[in-house]
Structures are given as C-alpha cells and as structure tokens.
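Nothing here was measured: the structure is a model prediction, and the numbers come from that model.
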Amino acid sequence: MDSQTSQSSQASPSPHTFQVDLRGLVDLLSHHLYSSPKVYLRELLQNAVDAITARRAEQPDAPARVRLHAQEGTLRVEDSGVGLTEADVHTLLATIGRSSKRAGALQDGLQEVRSDFLGQFGIGLLACFVVAERIRVVSRSARTPEAAPVEWTASDDGSYTVRTLPHEARPEPGTTVHLTARPGAGEWLTPERVLTLARDFGSLLPYDVRVGDEAVTDLPAPWDRSYPSPATRRVALARHCHDLFGFTPLDSIELTVPLAGIRGVAYVLPSAVSPATRATHRVHLKGMLLTERAEQLLPDWAFFVRCVLDTDSLRPTASRESLYEDETLAAVREALGERIRSWLTGLAAGDPERLAAFLSVHHLGVKSLARHDKDMLRTMLPWLPFETTDGQLSLEEFAQRHPVVHFTRTVEEYRQVAPIASAQGVGVVNGGYTYDSDLVEALPSVRPGTVVAELDTDTVTAHLDAVDPADELALSGFLAAARARLDPLGCDVVLRAFRPLSVPALHLDDRSARHEQARADAEARADDLWAGILGSLRGSAPRARLVLNHLNPLIRRISSLGDPELIGTATESLYGQALLMAQRPLRPADSALLNRAFMGLLEWATNGEEGR
C-alpha cells in the first residue's frame with residue numbers, strides 16, 4: 001500500500017489546456033485594452049505591412065501594396081505579403097497570443113529584420129472581432145509557392161474551419177482578409193469611415209496603400225520634404241499643423257534625432273495654456289499611427305508645444321496606443337527637450353522679434369525651464385518679463401537700475417508695499433507669480449555681484465521717515481486710543497511720514513505675522529483642550545502694523561480729535577481701507593469691523609447734523 005502511494009505521488013499530473021471564451025476576450029479588448037473599435041483597421045494594416053516587410057526581406061523586389069475595398073457591412077483587405085501555408089494558419093491564426101514575429105516565421109534568416117515589424121504582441125486578427133462577427137482569410141505563401149492556397153474562417157463564438165483551395169483561388173502570394181460586420185457595428189466598415197481611418201493610421205506607411213482608388217499614404221512626411229526657402233517651409237508646416245491639430249502655430253521646431261530614430265516637428269501653440277495641462281502628441285511607429293494622445297514624450301516644462309513624429313526606436317504598450325516608459329523613452333524625452341532648448345537659444349541670438357512674440361504668450365514655460373537650467377536662465381535674462389515697481393521689465397534691466405533686487409514672495413505682499421516702496425525709491429519685483437521668486441533668488445548664480453533680498457515689513461518701515469519726537473509725543477493720546485482699538489485684531493499702530501501724500505495708512509504684515517494671527521483666531525474658536533494646545537504654539541513673531549502717514553491731511557485732522565470713541569471708529573475705518581487697498585482677503589472679524597466702523601461714522605455724521 002505504501003509503495004503504491006509513493007509511486008502515485010511521483011507520477012506527473014495530466015496537463016490541461018486553458019479554455020478561452022472568445023466572446024469574453026473580445027469584450028475585454030473592446031472595453032479595457034483598446035480605446036475605440038477603430039483600432040481594428042490599424043491591426044489589419046499592421047498585419048499587411050508586416051507581411052510585406054517579411055516577404056521583402058527575402059525578395060527585395062517583391063510588390064508592396066495593400067488594397068482595401070469596403071461595402072456596407074463588409075471589408076476586404078488584400079496585401080502582397082509573405083502569405084501563409086496551412087501549417088502556418090494552424091500555428092498562428094488559431095492560437096491566441098502566438099505571433100509570427102516571435103515564432104518560426106522569422107527563424108529562417110529573418111530575425112535580423114525583426115525591428116522592421118510593427119507588431120510585437122501577437123493579438124493580430126483577434127482585434128477585428130471588436131467589429132466583425134465573421135473573419136475569412138485566404139492566403140498563399142511566397143516561401144512555398146507550390147503550396148495550395150488556404151482558407152481560414154472564424155466566428156466570434158470561437159469556432160473556426162481551415163481548408164485548402166485550388167491554386168486559381170489565389171494566383172499570387174499574399175493574403176486577403178474578409179470581414180463581416182457584427183450587428184450594430186456596420187458603421188465601422190463603410191467606405192467613408194474606412195478611408196478616414198486608413199489615412200489617419202497609415203498616411204506615413206512606406207508602402208502603396210489604397211482604399212478603392214483613393215491613395216492613403218502621403219510621403220514624404222511634411223517635415224522631410226524639400227522647400228524652396230525657409231519661409232515656404234514655415235508656411236507649409238503651419239498648414240499641416242492647422243489640418244492636423246486645428247490651430248495655426250506661432251512657430252515650428254525641427255525634432256529630428258537620427259541616433260534615436262526620431263523624425264518630426266513640434267508646433268508652438270498660439271495661445272497660453274496652464275503649466276498643469278498635460279500636452280498630448282501624435283506618435284507614429286515605423287509609419288503607423290500609434291497614438292494621438294502621447295503625454296510623456298516631452299519634458300513637463302515643454303507644455304507649450306504639440307508634436308507629431310515618426311519613430312522606430314520607442315516601445316509601445318500592449319494596446320499599441322501609448323508608449324512604454326523605459327530608458328529609451330527617457331533618453332528620447334531628454335533629446336527632444338534639448339532640441340526645444342536649442343530653438344529658444346537660437347531665437348535669443350538671432351531673432352529677438354519672434355522670441356518676444358513667443359514669450360508674450362509662453363513665458364511661463366520658459367520660466368519653468370530656466371528654474372532648473374542656469375544656461376537657459378542666463379540666455380533669457382534680457383527677455384523674460386517680470387512685474388516690478390518700475391513696470392514690466394526683465395531681471396537684467398531691473399538689476400541694472402537697482403543695487404539691491406528686492407522681491408516679495410506673494411502677490412498680496414507686493415500689492416501692500418509696491419506703491420510706498422516705489423515712492424521711496426525702493427525697487428521691488430513681484431515674486432508671487434508662478435516660478436518668479438525662484439528665478440529672482442537664482443539671479444546671483446548667473447549674474448555675479450547681484451544682491452537679492454526678500455522685502456519684509458521691517459525693511460519697508462525702515463525706508464519710511466520717522467516723525468519728529470516732539471510731534472509724536474504730542475499725539476501720544478491719539479496713538480494710545482488707536483492702538484487700544486486695533487489691539488484685539490493683533491495689529492499695532494505706528495506713525496511715519498512717507499509719500500505719496502494721498503495714502504493715509506499702510507497695512508504691513510508678513511507670513512509669520514499672518515500665521516500667528518491665524519493661530520490666535522483658531523485658539524479663540526477652540527474648546528479648552530485645543531485652546532491649550534494652540535496657546536502653547538504662540539510665537540514671538542512681530543504683529544501686523546497699521547502705519548499712519550503723518551503727512552496726510554486726513555490723518556492730521558483725525559489726530560486732532562478729542563473723543564477717544566470717535567478716534568477708535570476712525571482708526572477702524574483706516575484699517576479696513578488699508579486692507580482693501582492691499583487687496584487682502586478679509587476675515588470675518590475684518591468684515592465685521594468695516595461694517596461697525598461704517599455705521600459708527602454714519603451715526604456720528606447724523607448726530608452732528610442734528611446738533612447743528
């Protein structure tokens with residue numbers, strides 16, 4: 001008994017074969033692998049082109065043609081390729097996942113040309129079941145001319161038949177594929193739709209492809225053609241861009257990279273786009289359109305161009321509708337980015353008008369690149385625009401005017417200090433826009449000797465003139481009443497003399513002061529536990545300041561008031577007006593203060609009128 005058990009345990013289990021539900025697999029392809037049923041035509045063209053490539057590897061003078069004939073509900077595709085024998089049919093067409101590109105069809109001296117083939121995954125005719133309920137293939141082998149033509153007929157229920165035909169059924173080597181549409185899919189097999197798809201997928205294929213009498217291929221590609229002059233070339237490429245993408249570009253950039261097998265062109269968008277926008281590009285693989293939504297082809301900073309190119313080095317994903325992220329794609333991305341850098345450098349050196357037109361639309365993209373590329377920052381210094389207290393200037397021009405390049409990190413900070421700093425002769429760059437503060441801080445690395453400093457409230461206050469001590473002492477009662485009214489808001493009151501005279505008050509704070517105010521507001525709203533925690537986080541940062549302008553006539557009149565309550569109401573009004581002038585967002589407490597001050601002034605004005 002033990003011996004029998006031992007022998008049984010050592011016996012190999014019987015092998016089993018996977019059972020494939022073809023209808024379920026087709027549903028998987030159509031809903032999860034492929035983005036649209038239209039890919040069926042790409043698969044047909046791909047099989048035909050690969051078959052011709054395989055035949056020409058052995059017979060260089062063999063004909064190279066593909067013909068598509070569409071009628072309502074049916075499609076016939078003929079190619080002059082290598083063809084199949086009956087054994088090939090059983091091996092290749094009836095086995096899901098088997099590819100002639102991986103199997104014996106290439107073993108007889110053809111492995112060296114494997115890179116010339118489009119197909120890599122052996123899905124083949126299976127994709128046609130996305131639109132067809134019946135596929136019939138008639139083929140005759142060019143390698144074995146004496147072999148009889150073979151017919152393979154398959155249905156979407158997973159059944160198929162194979163039979164040989166008389167020689168006259170297919171006099172010449174090659175393959176003919178017949179499709180019969182599935183119910184509801186007939187629109188994909190109409191002559192108009194087939195012609196449109198064939199031109200979309202196959203316009204750059206190297207062989208003669210026609211739908212009926214209409215030519216599909218259009219070679220050479222627009223970027224490979226010869227033109228009488230650069231201006232003529234620019235016009236032709238602009239027309240191609242409009243036909244392909246629907247816009248007329250600002251310019252076109254050559255993207256030819258011979259070592260990477262890349263040939264193509266990038267078109268510069270005529271209008272600004274968000275840096276967060278994922279640019280999509282058209283990529284052809286050995287002439288066949290792979291995708292029109294390639295996102296990872298260029299560096300992130302190059303979001304201002306749309307590309308169309310042909311490649312023989314990049315690797316497609318299983319669906320052959322996008323690119324596989326690998327070292328080759330990373331190298332191509334870097335090479336294409338370098339082409340765009342070179343184009344920008346060339347414009348800066350020789351065509352400032354075109355560069356200025358480009359930067360007026362796409363300065364964000366160049367700023368994004370310049371953040372990480374010192375050479376590009378150095379090249380673009382005279383051209384990139386920045387908002388400054390002297391107007392729109394480049395950093396180079398601004399640095400020539402001011403010994404210290406002051407900047408703010410936020411737009412709100414800039415709006416607070418710009419009018420006052422400008423009147424005091426202090427130059428300030430608004431670093432609150434995307435990438436700007438990073439570039440200002442990088443300025444000394446490409447312009448040695450430049451001094452860059454962040455403008456804070458202490459620096460602004462230091463540039464304002466102090467008031468005579470005797471005058472300030474005389475106004476001590478007024479200042480005490482004003483400080484008492486704003487103390488609950490976390491704001492101090494100081495008196496200075498500055499220009500312009502028309503500004504009665506200036507609200508100054510920095511990020512640390514705003515952070516402390518936010519903490520205090522949260523502490524006031526929290527329960528005992530959280531109030532204790534937030535209280536322990538109390539910082540020693542300086543509070544916000546309301547700087548009153550002693551030169552302003554309104555401030556002089558308010559400071560002469562004797563009623564502390566009226567002084568407080570007037571101070572609240574000045575505080576609210578200063579916040580509004582700085583375009584700062586108002587907290588609920590600030591809005592309540594504005595309403596209270598407005599009503600208080602109205603009440604004072606009406607009571608004064610009644611008293612008169």
Visitor: Could you go through the side-chain contact (heavy atoms from CB on, under 4.5 Å) check for Leu189 and Arg193 one step at a time?
Guide: CA-CA 7 Å; Leu189 273 62; Arg193 179 63 67 91; over 6 Å; no
Visitor: Give a yes or no on whether the backbone of Thr176 and the side-chain of Arg76 come within a donor-acceptor separation of less than 3.5 Å.
Guide: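 Pair absent, no side-chain N/O of Arg76 close to backbone of Thr176.
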Visitor: Quick one: ring-ring contact (aromatic ring centres under 6.0 Å, His included) partners of Phe304, sequence neighbours excluded?
Guide: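 Scan of Phe304 (ring-ring contact (aromatic ring centres under 6.0 Å, His included), adjacent residues dropped) gives Phe358, His362.
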Visitor: Taking Thr144 for its side chain and Ala147 for its backbone only, find out whether a donor-acceptor pair lies under 3.5 Å.
Guide: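 No.
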Visitor: So, the side chain of Tyr433 versus the backbone of Val411: is there a donor-acceptor pair under 3.5 Å, distance only?
Guide: no
Visitor: Main chain of Leu84, side chain of Ser139: is a donor-acceptor contact present, judged purely on distance under 3.5 Å?
Guide: yes
Visitor: Step by step, would you call Val257 with Val332 a side-chain contact (heavy atoms from CB on, under 4.5 Å)?
Guide: CA-CA 8 Å; Val257 186; Val332 166; over 6 Å; no
Visitor: For Arg233 and Trp223, indicate whether the former's side chain and the latter's backbone hold a donor-acceptor pair under 3.5 Å.
Guide: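 Yes, because the side chain of Arg233 sits within donor-acceptor range (under 3.5 Å) of the backbone of Trp223.
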Visitor: From Ser203 OG over to Leu289 CG, what is the distance, rounded to the nearest 0.5 angstrom?
Guide: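 CG of Leu289 is found 7.5 Å from OG of Ser203.
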Visitor: Between Lys38 and Glu292, does any NZ, NE, NH1 or NH2 come within less than 4.0 Å of an OD or OE carboxylate oxygen?
Guide: yes
Visitor: Do the side chain of Arg55 and the main chain of Ser80 share a donor and acceptor less than 3.5 angstrom apart?
Guide: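 It does hold such a pair.
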Visitor: Using residues 258-272 as the side-chain source, report each donor-acceptor pair under 3.5 Å to any protein atom, sequence neighbours left out, with the distance given to one decimal.
Guide:
from   : atom 1 : to     : atom 2 : distance (Å)
Arg263 : NH1    : Gly261 : O      : 3.4
Arg263 : NH2    : Asp310 : OD2    : 2.9
Tyr267 : OH     : Leu237 : O      : 3.2
Tyr267 : OH     : His240 : ND1    : 2.7

Visitor: Can you check salt bridge (charged side-chain N to carboxylate O under 4.0 Å, His left out) on Asp312 and Lys286, steps first, answer last?
Guide: CA-CA 5 Å; Asp312 55 21; Lys286 304 180 185 72; over 6 Å; no
Visitor: Does some side-chain heavy atom of Thr153 sit less than 4.5 Å from a side-chain heavy atom of Tyr160?
Guide: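 The answer is no; the side chains never approach within 4.5 Å.
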Visitor: Salt bridge or not between Glu172 and Arg170? Use side-chain N to carboxylate O under 4.0 Å.
Guide: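 Result for this pair is no, no salt bridge flagged.
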Visitor: For the side-chain contact (heavy atoms from CB on, under 4.5 Å) test, which of Leu197, Leu45, Leu195 pairs with Leu68?
Guide: Leu45
Visitor: Determine, stepwise, if the pair Ile135 / Trp152 fulfils side-chain contact (heavy atoms from CB on, under 4.5 Å).
Guide: CA-CA 8 Å; Ile135 302 174; Trp152 177 82; 4.1 Å; yes
Visitor: Could you check whether any side-chain heavy atom of Phe201 comes within less than 4.5 Å of a side-chain heavy atom of Gln46, counting everything from C-beta outward?
Guide: no
Visitor: Starting from the C-alpha separation in whole Å, work towards a yes-or-no answer on side-chain contact (heavy atoms from CB on, under 4.5 Å) for Val150 and Leu165.
Guide: CA-CA 6 Å; Val150 61; Leu165 302 175; over 6 Å; no
Visitor: What salt bridge (charged side-chain N to carboxylate O under 4.0 Å, His left out) pairs are there with at least one residue in residues 194-210, not counting sequence neighbours?
Guide: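 Residue pairs passing salt bridge (charged side-chain N to carboxylate O under 4.0 Å, His left out), neighbours aside: Arg67-Asp208, Arg199-Glu214, Asp200-Arg282, Asp208-Arg210.
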Visitor: Would you give the length of the straight line joining atom CG of Leu250 to atom OG of Ser360, rounded to the nearest 0.5 angstrom?
Guide: 7.5 Å
Visitor: Donor-acceptor pair, Arg225 side chain versus Pro220 backbone, under 3.5 Å?
Guide: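 Answer holds: yes.
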Visitor: Would you mind reporting whether Leu344 and Leu369 have side-chain heavy atoms less than 4.5 Å apart?
Guide: yes
Visitor: Inspect the surroundings of CD in Glu325 and state if more than 12 heavy atoms from other residues, nucleotides or ligands are less than 6.0 Å away.
Guide: yes
Visitor: May I ask you to check whether Thr345 and Ser342 show a side-chain donor-acceptor distance below 3.5 Å?
Guide: no
Visitor: According to salt bridge (charged side-chain N to carboxylate O under 4.0 Å, His left out), does anything in residues 240-250 pair up with another residue at least two apart or in another chain? List the pairs.
Guide: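 Pairs touching residues 240-250 that pass the test: none.
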Visitor: Rounded to the nearest 0.5 Å, what separates atom CZ in Arg239 from atom CG in Leu244?
Guide: 14.0 Å
Visitor: Between Asp300 and Arg333, is the closest basic N to carboxylate O distance under 4.0 Å?
Guide: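 Looking at Arg333 and Asp300, the cut-off is not met.
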Visitor: Roughly how far, to the nearest 0.5 Å, is CD of Glu86 from OG of Ser141?
Guide: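 The CD atom of Glu86 is 12.5 Å from OG of Ser141, to the nearest 0.5 Å.
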Visitor: Could you measure the distance from the CG atom of Asp213 to the NE2 atom of His69? Nearest 0.5 Å is fine.
Guide: 8.5 Å
Visitor: Ignoring hydrogens and angles, tell me if any N or O in the side chain of Thr379 forms a donor-acceptor pair with the backbone of Asp375 under 3.5 Å.
Guide: yes
Visitor: Are the side chain of Arg339 and the backbone N or O of Thr256 linked by a donor-acceptor pair below 3.5 Å?
Guide: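 A pair under 3.5 Å: yes.
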Visitor: Is Lys367 positioned over the aromatic face of Phe386, cation under 6.0 angstrom from the ring centre and no more than 45 degrees off axis?
Guide: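 Flagged: Lys367 positioned over aromatic ring of Phe386.
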Visitor: Any ring-ring contact (aromatic ring centres under 6.0 Å, His included) involving residues 281-302? Give me the pairs, sequence neighbours left out, ordered by first then second residue.
Guide: none
Visitor: Would Arg136 and Glu151 pass as an ion pair if we require N to O under 4.0 Å?
Guide: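 Counted as a salt bridge, because a side-chain N and a carboxylate O are separated by less than 4.0 Å.
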Visitor: For Glu72 and Pro191, which heavy atoms make the closest approach, and how far apart are they?
Guide: OE2-CD, 3.9 Å
Visitor: Look at the side chain of Thr217 and the backbone N and O of Leu219, then say whether any donor-acceptor pair between them is shorter than 3.5 Å.
Guide: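 Pair absent, no side-chain N/O of Thr217 close to backbone of Leu219.
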Visitor: Any salt bridge between Asp79 and Arg65, counting N to O under 4.0 Å?
Guide: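 So Asp79 does not pair with Arg65 through a salt bridge.
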Visitor: Would you name the heavy atoms of Cys128 and Leu179 that are closest together and state the gap between them?
Guide: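 So the minimum-distance heavy-atom pair works out to CB-CD2, 3.9 Å.
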Visitor: With a 4.5 Å heavy-atom cut-off, do Leu336 and Cys307 have their side chains touching?
Guide: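 A side-chain contact under 4.5 Å is absent here.
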Visitor: Taking all atoms of both residues into account, what is the closest heavy-atom pair of Ala148 and His167, and its distance?
Guide: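 Shortest heavy-atom contact: CA-CE1, 4.0 Å.
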Visitor: Can you name the residues that form a side chain to side chain contact (heavy atoms under 4.5 Å, CB included) with Glu334, not counting sequence neighbours?
Guide: Arg341
Visitor: Where do Ala198 and Leu41 come nearest, in terms of heavy atoms and distance?
Guide: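 Where Ala198 meets Leu41 most closely, the heavy atoms are N-CD2, 3.4 Å.
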Visitor: Give me the atom names and distance for the closest heavy-atom approach of Leu355 to Ala348.
Guide: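 For Leu355 versus Ala348, the nearest heavy atoms are CD2-CA, 3.6 Å.
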Visitor: Restricting to non-hydrogen atoms, name the atom on Leu290 and the atom on Arg42 that form the minimum distance, rounded to 0.1 Å.
Guide: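 Heavy atoms of Leu290 and Arg42 come nearest at O-NH1, 4.0 Å.
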Visitor: Looking at side-chain heavy atoms only, is the closest gap between Leu298 and Val305 below 4.5 Å?
Guide: yes
Visitor: Ignoring hydrogens and geometry beyond distance, is a side-chain donor-acceptor pair present between Thr85 and Asp88 at under 3.5 Å?
Guide: yes
Visitor: Inspect the surroundings of CD in Glu187 and state if more than 12 heavy atoms from other residues, nucleotides or ligands are less than 6.0 Å away.
Guide: yes
Visitor: Can you tell if the side chain of Leu364 reaches within under 4.5 Å of the side chain of Phe303, non-hydrogen atoms only?
Guide: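 Leu364 reaches Phe303 side chain to side chain.
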Visitor: Distance from Leu329 atom CG to Leu297 atom CG, nearest 0.5 Å?
Guide: 7.0 Å
